[in-house]
2 protein chains.
Amino acid sequence: MDYETLCQDCRLVELCLPYGLPKTELEQFETIVKNKAPLLTDQYLYQQDDKCRSLFVVKTGSFRSFIYSEDGAEQTIGFYLPGELMGFDAFQHGRFTSSSIALETSKVCELPLSKLNDLCRLIPSLQSQMLRVLGKEIESDHNQILLLSHRSAKEKMATFLLRLSHRYNALGFSKTEFNLTMKRQDIANFLGLTNETVSRLLAELNHQGIITINRRNVKINNIDSLKVIVE
Amino acid sequence: MDYETLCQDCRLVELCLPYGLPKTELEQFETIVKNKAPLLTDQYLYQQDDKCRSLFVVKTGSFRSFIYSEDGAEQTIGFYLPGELMGFDAFQHGRFTSSSIALETSKVCELPLSKLNDLCRLIPSLQSQMLRVLGKEIESDHNQILLLSHRSAKEKMATFLLRLSHRYNALGFSKTEFNLTMKRQDIANFLGLTNETVSRLLAELNHQGIITINRRNVKINNIDSLKVIVE
DNA sequence: CGAATCATTGAACGACCTCAAGTTTTGTGG
DNA sequence: CCACAAAACTTGAGGTCGTTCAATGATTCG
C-alpha cells in the first residue's frame, strides 16, 4: 500500500472523517482510501451533474466549489482547505450539484461511496462521524447565509479574513499571515460583492494598518480590529 | 399505538424520511415515531443551544427556523412545510444551532435520535434515505446562498413565491393560490431585504397583475411572468 | 373599544455597483 | 531572458437600488 494512504500518519487525521476511530478500525478505513493524481491549478475535481461515486478530502492545496446558475453565471459556494470534505451535495440525487476546481496544485484522498457506505454499517462510530461532518457542512452553509443576508461589505470582508485565519490556525499554520489562494473575483463572488469592492475594502484595511496586503499575501496586524468590525 | 403515528396511512409518506421502505421495515420505523402535542403559533419546537435528542418532521402547519447572530439579531434560515425534516444542524455538536418556531398551529412527528441511529444500522435503505434527505438540506442551503448573493430584490421575491408554489404543489395543494404563514418581516429577513421592500415588491407584482395579494393570501395569476423575472 | 402588532406608502440618503482607465503580474513564444 | 499579450488587480467618478426614517392604515386581541 502506498504510504500516502495511511491515515494513521496523516497530520490531518484529527480534522478528517476517521477522527476518533480506534486503531483497528482506522486501519479498516485506510483500505478504502484511494489515491488520486495531484490536480493542477484550475483542474476540475468534479463537475456539476457528474455522477458521484466518491467523496473527496483535501490533503494539500485548496479548492473552490461553485454552482452554475440558470443564467450561466457562476456562484462560488465555498472554499476547501486540507482536512475538509467535498461532495455531500450529491447525496440527494447521486450527482454533484456543484463543481469543484483546484485553486493551486492540490492533492485529495478519494473515498469511494460504495465502500464507505459498507464500512459505515460495520463501524458505528464512523457512521456518527459522517453525520457529524455533514452537520458541520450544514452549519457552515448557515453561517454563509447569515453572512450574505444582512452584513455590510466591510463586515463580510472582515469575517472572511477571520474565518480563513481560524481555519489556517486549526491546520497548524499561522493565523496572522497566509496567502489567499483565490482571486479577488472569487472572494467577491463568494461574498456577494464585486471584485472592485473587495479590492477597495482590502486597500482600506491595509491603509488603516489592520492588515498588510500585498497581492495575495495577507498579514493580519490587528485581529481585534477585525473582530470589532464583525461585532 | 396511536393512529397518528402510522406512517403507512400518512399522506406525506412519499415526501418523508421512510420513503421507499418495504412494508415490514416501514412498520419497524413506525414504532420509533413519537407523538408530540400540537404546537401553537409562536411556540418553540426547539431553541438554539438546546441538546438535540430528536429530529422532527412537520406533519401539519409550518415552522420558521432562525439563528441569533452575535449582535442578537435574528436571521431566518428557512421555512418548513409538511414532510420536511428539521434538526440536522445539530449533528455536529449534538446541540441545535438554530431555533424553530411554529408559524401556526402545527403538528410534528418526533424521531428520537438514539432509536433512529439504531434503526439506520438495521435498515440500510433507511440509512440511504437519511443521507438523501441530508443532501437535500445541503442543496437547499446552497440554493439559498445562490439567491442571497447576486439577485435583485425582485428576483428574490419572485423566486420565493415560485418555490412556495412548487412546494405546496408537491404537497397536493394549489400551486397558484396559498396563504403565506409568515410575516412580511420574516420573508424580508429570509431574503436579506427589509419588510418595506417586500411590501413594495408584492404591491408592484400585484399592480402588474402577476399576482393578487391580500394580506397573506397570494394568488399567482401569471406564473410565467414570475419565471421571466427569475430568468 | 383601545392598544399593539402588522402592513403599506412616501421621500431622501447612502452603500455598493457599473463603467472606465490605468497599473501590475503572469504566462507564452521566440 | 526578453517581448508581448492576457489576465489580475487597483483606483476613480457617477448612478442606482434598496435602506432608513417617518407617517398612516389595517388587523388582531385582550
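Proteins come first, then strands; the chains are lettered A, B, ... in the order of their sequence lines, and each starts at number 1. Hydrogens, waters and symmetry mates are skipped; everything else that's a heavy atom, side chains included, is used.
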Which one of A/Leu45, A/Leu103, A/Val58, A/Val108 satisfies the side-chain contact (heavy atoms from CB on, under 4.5 Å) criterion with A/Tyr80?
-> A/Val58

Under a 4.5 Å cut-off applied to non-hydrogen side-chain atoms, are [X] and [Y] in contact?
X: A/Met157; Y: A/Leu191; result: yes
X: B/Val218; Y: B/Leu161; result: yes
X: A/Leu226; Y: A/Ile220; result: yes

From the options [options], select the nucleotide whose nearest atom is closest to the side chain of [X].
X: B/Ser152; options: D/dT11, D/dG18, C/dC16; answer: D/dG18
X: B/Arg216; options: C/dT9, C/dC6, C/dC16; answer: C/dC6
X: A/Ser199; options: C/dA7, D/dT10, D/dA13; answer: D/dT10
X: B/Glu196; options: D/dG18, D/dC21, D/dT11; answer: D/dC21

In whole angstrom, what separates [X]'s [atom1] from [N]'s [atom2]?
X: A/His150; N: D/dG18; atom1: NE2; atom2: C1'; answer: 12 Å
X: A/Lys183; N: D/dT10; atom1: NZ; atom2: P; answer: 14 Å
X: B/Asn217; N: D/dT27; atom1: CG; atom2: P; answer: 13 Å
X: B/Leu201; N: C/dT9; atom1: CG; atom2: P; answer: 12 Å
X: B/Asn195; N: D/dG25; atom1: CG; atom2: P; answer: 18 Å
X: B/Ile213; N: C/dT9; atom1: CD1; atom2: P; answer: 11 Å
X: A/Asp42; N: D/dA7; atom1: CG; atom2: P; answer: 12 Å
X: B/Met182; N: C/dT5; atom1: CE; atom2: C1'; answer: 18 Å

Are side-chain N/O atoms of B/Arg163 and B/Gln144 paired as donor and acceptor at under 3.5 Å?
-> yes

Any side-chain N or O of [X] less than 4.0 Å from the OP1 or OP2 oxygen of [N]?
X: B/Thr194; N: D/dG18; value: no
X: A/Arg184; N: D/dT10; value: yes
X: A/Thr197; N: C/dC17; value: yes

5'-most contact on DNA chain C (nearest-nucleotide basis), A/Arg151 vs A/Arg215, goes to A/Arg151

Side chain of B/Arg200, base of D/dT20: donor and acceptor closer than 3.5 Å?
-> yes

